[in-house]
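Chain letters run A, B, ... following the sequence lines, proteins first, then strands; residues in each count from 1. Remember, predicted model here, so these are calculated numbers, not experimental data.
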Amino acid sequence: MVRGRRLLSSHPTVAAPRLLGARLVSDSPEGRVALQLTEVEAYGGQGEDPGSHAFRGLTPRNATMFGPPGRLYVYFTYGMHWCANVVTGPEGSASAVLLRAGGVVEGLEIARGRRATARSDRDLARGPARLTVALGLTGDEDGLDLLDPASPVRLELARQPLPAHIVGPRTGVSGAGAGTPWRFAAEDPTVSPYRAATPRKQREAP
DNA sequence: CTCGAGATGGCCT
DNA sequence: GGCCATCTCGAGT
């Protein structure tokens, strides 16, 4: 998919809105689950974006970000959650787009089984950690080529992206990148509710 | 709907 | 040791 490669080689703030409406497919022994992406966030590269894992350079965790565009970058956070990104920009630039939410368009029963606590179908992949659970993604899938038709996890770009109804600051990221829009969301009930970054509460003194 | 708080462990300075 | 690209639950408006 040449057009996909070229798009994903661009800066993450350019590629991110074009991913709205894209189809993300995950095949497993259980079967196939596919999402239509509705919410994403851009993360810049080394030295560019203080909110990015790549800001301080290459580490074992973020190595996939330094690879070619179109790769799946999955990382573990908060001691219990996985989050999925698409690597963008030229190889070595280490930028990426976080996949924050989507609507299940295939494999509804499988997704419901994986997300037993979801109150409704719109919550199945509403939020970055819920999205990875619905798709069955963990660190095992880190580094997969999303544009390879033989890959079990694939990204199929929409010919016509969904309009970016929300363009603004990122969720849960403080300070960084004022002046650049990093978060993009379609007008859709699966878009996660915006929550500004909240400082962690301090423990009480004894 | 909103808000607050706890869970829980890897990563990096 | 401090900081997380979060989720769930309970209680309040």
Side-chain angles (χ1 to χ4, degrees), chain A residues 11-13 15-17 19-20 24 35 37-66 71-89 93-102 104 111-142 166-178 180-185 188-206:
Chain A
H11 192 270
T13 57
L19 294 181
L20 296 177
L24 186 61
L35 302 182
L37 296 177
T38 57
E39 182 185 357
V40 297
E41 280 177 1
Y43 284 86
Q46 181 169 8
E48 176 195 7
D49 175 8
S52 171
H53 286 176
F55 182 63
R56 293 172 207 280
L58 178 67
T59 69
R61 175 175 67 164
N62 66 22
T64 298
M65 292 182 77
F66 286 81
R71 293 308 223 312
L72 180 68
Y73 170 49
V74 184
Y75 68 88
F76 189 63
T77 191
Y78 287 107
M80 61 194 103
H81 298 305
W82 297 97
C83 292
N85 304 248
V86 180
V87 175
T88 62
S93 70
S95 52
V97 175
L98 171 68
L99 307 178
R100 290 196 57 87
V104 176
R112 284 172 177 160
R114 289 172 174 163
R115 290 268 304 117
T117 60
R119 286 173 172 260
S120 67
D121 286 346
R122 85 168 194 169
D123 283 344
L124 289 173
R126 189 189 197 213
R130 294 164 169 180
L131 181 149
T132 58
V133 172
L135 291 174
L137 302 179
T138 69
D140 290 345
E141 281 73 36
D142 179 56
I166 297 171
V167 179
R170 287 175 295 200
T171 304
V173 177
S174 54
T180 307
W182 297 100
R183 176 175 182 250
F184 304 87
D188 189 272
T190 62
V191 171
S192 62
Y194 177 78
R195 268 183 162 170
T198 57
R200 192 136 299 258
K201 195 199 173 205
Q202 296 180 0
R203 294 252 304 246
E204 291 178 16

Suppose we screen for side-chain hydrogen bond (donor to acceptor under 3.5 Å, both in side chains). Which residues come up paired with A/E141, at least two apart in sequence or across chains?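 With sequence neighbours excluded, A/E141 shows a side-chain hydrogen bond (donor to acceptor under 3.5 Å, both in side chains) to A/T138, given in chain and number order.
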Residues two or more places apart in sequence or in another chain: which of them pass side-chain hydrogen bond (donor to acceptor under 3.5 Å, both in side chains) with A/D123?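 A/D123 satisfies side-chain hydrogen bond (donor to acceptor under 3.5 Å, both in side chains) with no residue once adjacent residues are dropped.
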Please pick, from [options], the nucleotide with the shortest atom-to-atom distance to any side-chain atom of [X].
{"X": "A/L98", "options": "C/dA5, B/dC12, B/dA7", "answer": "C/dA5"}
{"X": "A/A129", "options": "B/dC1, C/dC7, B/dT13", "answer": "C/dC7"}
{"X": "A/P128", "options": "B/dA7, C/dT6, B/dC11", "answer": "C/dT6"}
{"X": "A/H81", "options": "C/dA5, C/dC7, B/dC12", "answer": "C/dC7"}

Dot-bracket line, read 5' to 3' along DNA chain C, where crossing pairs take [ ] and | marks a partner on another strand, Watson-Crick or G-U under 3.5 Å: ||||.|||||||.
For the residue pair A/I166 and A/R183, establish whether any side-chain heavy-atom pair is separated by less than 4.5 Å.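 Side-chain contact under 4.5 Å: yes.
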Atom-pair distance ([atom1] on [X]; [atom2] on [N]), nearest Å:
{"X": "A/L137", "N": "C/dA5", "atom1": "CG", "atom2": "P", "value": "19 Å"}
{"X": "A/L99", "N": "C/dT6", "atom1": "CG", "atom2": "C1'", "value": "15 Å"}
{"X": "A/R61", "N": "B/dG10", "atom1": "CZ", "atom2": "C1'", "value": "8 Å"}
{"X": "A/E41", "N": "C/dC4", "atom1": "CD", "atom2": "C1'", "value": "14 Å"}
{"X": "A/W82", "N": "C/dC7", "atom1": "CH2", "atom2": "P", "value": "15 Å"}
{"X": "A/F76", "N": "C/dC3", "atom1": "CZ", "atom2": "P", "value": "20 Å"}
{"X": "A/R170", "N": "C/dT6", "atom1": "CZ", "atom2": "C1'", "value": "16 Å"}
{"X": "A/Y75", "N": "B/dC12", "atom1": "OH", "atom2": "P", "value": "13 Å"}

OP1, OP2 of [N] versus side-chain N and O of [X]: anything below 4.0 Å?
{"X": "A/H53", "N": "C/dA5", "value": "yes"}
{"X": "A/R130", "N": "C/dT8", "value": "yes"}
{"X": "A/T77", "N": "C/dT6", "value": "no"}

[X]: partners by salt bridge (charged side-chain N to carboxylate O under 4.0 Å, His left out), with sequence neighbours left out:
{"X": "A/R112", "answer": "A/E109, A/D121"}
{"X": "A/R114", "answer": "A/E30"}
{"X": "A/D142", "answer": "none"}

Is A/Y78 stacked against the base of B/dA7, taking the criterion as centroid distance under 5.5 angstrom and interplanar angle under 30°?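 Taking the rule of under 5.5 Å and under 30°, the ring of A/Y78 does not stack on B/dA7.
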A/T59 versus A/N62, closest heavy-atom pair with distance: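 That would be N-OD1, 2.8 Å.
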Touch check for A/R119, heavy atoms < 4.0 angstrom, all strands: base, sugar-phosphate only, or nothing?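 A/R119: no heavy atom of the nucleic acid under 4.0 Å.
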